[in-house]
Participant: 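Right, I'll just put the structure down here and ask away after.
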Amino acid sequence: MARGYRIGIDVGGTFTDVVLVHDGRLTLEKHPTTPRDQSEGVLGGIRRVADRLGLSLAELLARTDTIAHGTTTADNTMIEMSGATTGLVTSEGHRDEIEIRRGYKEDIWDPAFPPPKPICPRRRRYGVPERLDFEGHVIVPLDETAVRRALRRMKLQGVESLAVVFLFSFVDPTHERRVREIAAEELPGILVSLSHEVMPAAPEFERTSTTLVNAYVGPRIERYLSRLDARLREAGFGGELLIMQSNGGVMPGGYVAQKAVAVMGSGPAGGAMGAATVAGAAGIRDFIAVDMGGTSYDVSLVRDGTPEVKAGWNWHHRYLIGLPMVDVQTVGAGGGSIARVEAGALKVGPQSAGAEPGPVCYGHGGTEPTVTDANVVLGFLNPERFCAGTMRLDAAAAAAAIRERVAKPLGLSLTQAADGIFRIVNANMANAVRKASAQKGVDPRPLALVVFGGNGPVHAGMQAAELGIRRILVPKLSPAFSALGLLLTDHVLDEMRSYVTPAGDADLVRVNALFDEMDAAARGALGERRRVRVERRLALCYPGQTFDMPVPIAGAGPITRKTLAATVERFHRLHEELHTYASRDQEPILRGVSLKAIAVETKPALPRPPRARKPPAKLGKRQAFFRGRFVATPIYDGPSMGPGHQLSGPAIIEEPFTTIVVYPGQRATVDRFGNYVIEVGARSR
């Protein structure tokens with residue numbers, strides 16, 4: 001019988017993090033990620049937690065009510081370009097929409113910059129006669145013979161997943177639904193993604209790209225979630241499996257499998273949501289959240305306690321996802337980022353050693369030096385006590401790799417080469433923070449830096465000093481923070497409908513009917529017994545603008561003329577805040593309506609350790625590199641540090657799964673929740 005255990009699992013590029021919550025206590029474990037089958041690493045991590053509690057895997061799972069899981073499967077599929085063989089059926093004359101991509105290029109200064117690898121080549125894209133106008137009237141009936149001819153060709157091409165995108169299908173989806181019926185006859189068992197179900201809104205390119213990505217990653221997501229669910233059930237799990245979405249909420253695995261694109265970028269979203277909860281408890285509502293793991297560095301800006309969720313211009317792995325997503329900027333900078341010499345210059349990342357083979361010091365066959373190898377050489381990491389003592393690092397191998405691959409080609413000493421790697425990755429991460437804040441018109445200096453991920457606390461002190469940030473918060477569960485964040489989120493479901501008209505001409509009966517329809521659909525998906533909070537928005541833009549802005553509706557209850565006028569004024573104000581101007585003499589265009597339904601969940605209470613009564617335990621001293629030289633640096637035992645403890649840098653705090661480096665001129669204090677608050681003085685290096 002379940003006893004209220006809740007487990008959060010985040011699969012990263014190097015480690016799979018597992019957090020168990022029960023009776024206000026948290027248990028953390030890590031397991032190497034298993035890229036070939038991530039479910040193996042997931043079960044392995046849960047088994048380690050069970051061992052810590054003196055239980056068998058079956059006993060632990062039998063007592064578990066909920067498993068919340070964040071997966072990188074969708075992102076990895078796009079990175080590796082290993083998705084399903086995908087076909088597209090679209091309106092005749094529009095099969096090249098995905099190639100035109102609004103003329104967008106990542107590098108506008110390089111005319112020869114190559115386009116992204118096509119997830120659906122032109123030979124598998126078929127235009128068929130059919131056409132609706134913007135009100136849903138049939139201009140050209142669907143040519144079912146052409147549809148069958150296209151699907152039969154796809155069968156010969158080995159198509160495994162089908163995307164269907166017709167013009168204005170979000171107004172009347174009859175033609176798209178008919179293609180699914182025909183596909184069931186011609187291509188039985190194939191996954192079919194209909195654009196009006198994936199993204200029921202204009203514009204056309206955004207809907208086409210989003211639907212194609214859903215079709216491309218869908219089969220792999222479906223297989224993975226089915227395999228994971230089956231393995232968990234076989235091992236004794238009888239509770240609910242929830243999957244993190246990119247909009248900052250969770251939903252059951254069955255729902256997510258039908259809308260696989262919704263999990264793109266969901267891992268960083270869990271960390272951002274967890275950061276908002278933990279920082280809010282510590283009284284910090286405006287901050288920059290940064291997550292440095294083994295492969296990537298994720299940055300999100302949080303204002304007034306809430307990460308921004310945006311829809312529209314969300315580019316992931318060179319394809320656009322037009323669904324609501326927590327706004328996270330990602331760069332290839334992690335502990336596994338590879339250092340190399342190119343054209344006489346030292347570069348770090350974005351390539352990563354990942355989980356297999358990993359950094360050289362892991363001893364798993366890696367040969368290329370990484371950031372983690374540099375941190376070992378500089379004395380920041382303890383080779384004998386890494387990852388809670390479950391791994392021993394080969395410092396000699398790390399030094400040899402840096403010497404051969406970096407130091408000798410550049411004519412540097414080993415220490416200079418390692419320090420160069422360290423400085424460059426810090427600069428890359430600081431630039432990512434600058435970019436994320438500059439895009440929002442925000443000065444990062446008054447904000448706090450909330451740091452998590454296994455590698456984040458090693459580098460945070462240097463980044464904050466470079467950025468001019470004076471305060472750092474390192475949560476006690478920093479190394480598995482995204483996994484904890486999964487347990488601090490609600491069920492969230494986004495619905496949208498299209499309705500294009502000048503705002504002043506809007507048919508309020510129709511607008512309210514659309515909201516009622518979305519509300520009913522959302523509550524049905526969430527379950528009648530859940531406490532649901534609803535947020536409503538109008539998508540507004542000025543005439544001639546390509547992109548609209550989701551504007552929260554002023555007031556509750558049915559939309560009235562007064563409500564509509566207040567929401568339009570709010571649009572003018574928000575547009576001015578974001579773009580520095582408002583055109584109040586122009587009547588905005590209503591492009592659609594959207595609804596976010598949030599089923600509020602009971603969340604685990606954050607533990608509050610007792611105030612420390614003894615000084616923190618010292619583990620000795622280690623030579624670490626500060627201010628251009630090695631210094632005999634005191635090492636402190638993190639688990640022995642509690643509220644009230646304070647120490648000045650240089651110092652190193654070793655937690656079971658992370659290391660906190662306190663640089664010269666900085667002071668670390670443990671707050672009432674056991675988090676480390678680091679005050680940053682003058683530039684430390």
Side-chain angles (χ1 to χ4, degrees), residues 5-21 26-53 57 60-61 64 66-77 79-80 220-221 223-225 227-232 235 237 241-244 250 253 256 263 265-271 274 291-296 298 334-336 352-359 362 364 366 372 386-391 452-456 477-487 655-658:
Y5 284 18
R6 301 177 70 180
I7 298 175
I9 302 169
D10 177 62
V11 179
T14 305
F15 286 102
T16 294
D17 302 332
V18 181
V19 172
L20 180 141
V21 179
L26 301 176
T27 303
L28 161 66
E29 272 294 343
K30 284 180 175 280
H31 188 281
T33 294
T34 50
R36 286 184 294 274
D37 183 354
Q38 291 183 359
S39 65
E40 292 182 10
V42 169
L43 269 294
I46 298 175
R47 188 175 289 106
R48 287 188 177 183
V49 171
D51 292 342
R52 285 268 299 274
L53 299 178
L57 177 62
L60 174 61
L61 289 175
T64 300
T66 302
I67 293 178
H69 179 34
T71 175
T72 57
T73 300
D75 292 88
N76 290 344
T77 300
I79 292 170
E80 300 164 359
R220 189 172 177 184
I221 290 289
R223 288 193 299 270
Y224 170 67
L225 293 180
R227 183 168 62 249
L228 175 63
D229 186 74
R231 295 189 66 171
L232 288 170
F237 178 56
L241 175 63
L242 302 175
I243 307 300
M244 186 69 189
V250 293
V256 171
V263 304
S266 60
D291 178 2
M292 184 183 181
T295 303
S296 63
D298 305 314
S352 173
E356 296 177 359
Y362 284 9
H364 295 159
T372 296
F386 188 74
C387 202
T390 61
M391 294 177 62
F452 46 100
N455 293 293
L477 283 181
S478 163
F481 207 61
S482 292
L484 175 63
L486 300 174
L487 299 176
E655 287 283 347
F657 295 102
T658 192

Participant: Check Ala74 against Ile221 and note the closest heavy-atom contact, atom names and distance.
Facilitator: N-CD1, 3.6 Å

Participant: Identify the two heavy atoms, one from Thr658 and one from Gly454, that lie closest to each other, and give their separation to 0.1 Å.
Facilitator: OG1-O, 2.7 Å

Participant: Working to the nearest 0.5 Å, report the span between CD1 of Ile243 and CG of Leu225.
Facilitator: 5.0 Å

Participant: At their closest point, which heavy atom of Ser266 faces which heavy atom of Asp75, and how far apart are they?
Facilitator: N-OD1, 4.4 Å

Participant: Pick one: which of Leu486, Val250, Leu487, Leu242 meets side-chain contact (heavy atoms from CB on, under 4.5 Å) with Thr66?
Facilitator: Leu242

Participant: Measure the CG-CZ distance between Leu484 and Arg6 for me, rounded to the nearest 0.5 Å.
Facilitator: 10.5 Å

Participant: Starting at CG of Leu228, measure out to OG1 of Thr73 and round the result to the nearest 0.5 Å.
Facilitator: 9.0 Å

Participant: According to the side chain to side chain donor-acceptor pair (under 3.5 Å) rule, which pairs have a member within residues 40-53, sequence neighbours left out?
Facilitator: Glu29-Arg52

Participant: Roughly how far, to the nearest 0.5 Å, is the CG atom of Leu20 from the CG atom of Leu28?
Facilitator: 10.5 Å

Participant: Donor-acceptor pair, Thr64 side chain versus Tyr5 backbone, under 3.5 Å?
Facilitator: no

Participant: Using salt bridge (Lys or Arg N to Asp or Glu O under 4.0 Å) as the criterion, list what pairs up with Arg227, not counting sequence neighbours.
Facilitator: Asp37

Participant: Are side-chain heavy atoms of Leu43 and Leu232 found at a separation under 4.5 Å?
Facilitator: yes

Participant: Measuring from Leu241:CG to Ile7:CD1, what's the distance to the nearest 0.5 Å?
Facilitator: 11.0 Å

Participant: Residues two or more places apart in sequence or in another chain: which of them pass side chain to side chain donor-acceptor pair (under 3.5 Å) with His31?
Facilitator: none

Participant: For residues Ile46 and Ile9, determine if any side-chain heavy atom of one lies less than 4.5 Å from a side-chain heavy atom of the other.
Facilitator: yes

Participant: For the atom pair CE (Met391) and NZ (Lys30), what is the distance rounded to the nearest 0.5 Å?
Facilitator: 11.0 Å

Participant: Can you check whether Val11's main-chain N or O pairs, donor with acceptor, with Thr16's side chain at less than 3.5 Å?
Facilitator: no

Participant: For Pro359 and Gly336, which heavy atoms make the closest approach, and how far apart are they?
Facilitator: CG-CA, 4.5 Å

Participant: Between Ser39 and Tyr224, is there a side-chain heavy-atom distance shorter than 4.5 Å?
Facilitator: yes

Participant: Mind checking what makes ring-ring contact (aromatic ring centres under 6.0 Å, His included) contact with Phe237, not counting sequence neighbours?
Facilitator: none

Participant: For Ser296, give me all partners under side chain to side chain contact (heavy atoms under 4.5 Å, CB included), at least two apart in sequence or on another chain.
Facilitator: Asp298, Thr330

Participant: Tell me every residue that passes side chain to side chain donor-acceptor pair (under 3.5 Å) with Ser352, counting only those two or more places apart in sequence or in another chain.
Facilitator: none

Participant: Could you pull out the closest heavy-atom pair between Ala483 and Asp17, with the gap in Å?
Facilitator: CB-O, 3.8 Å

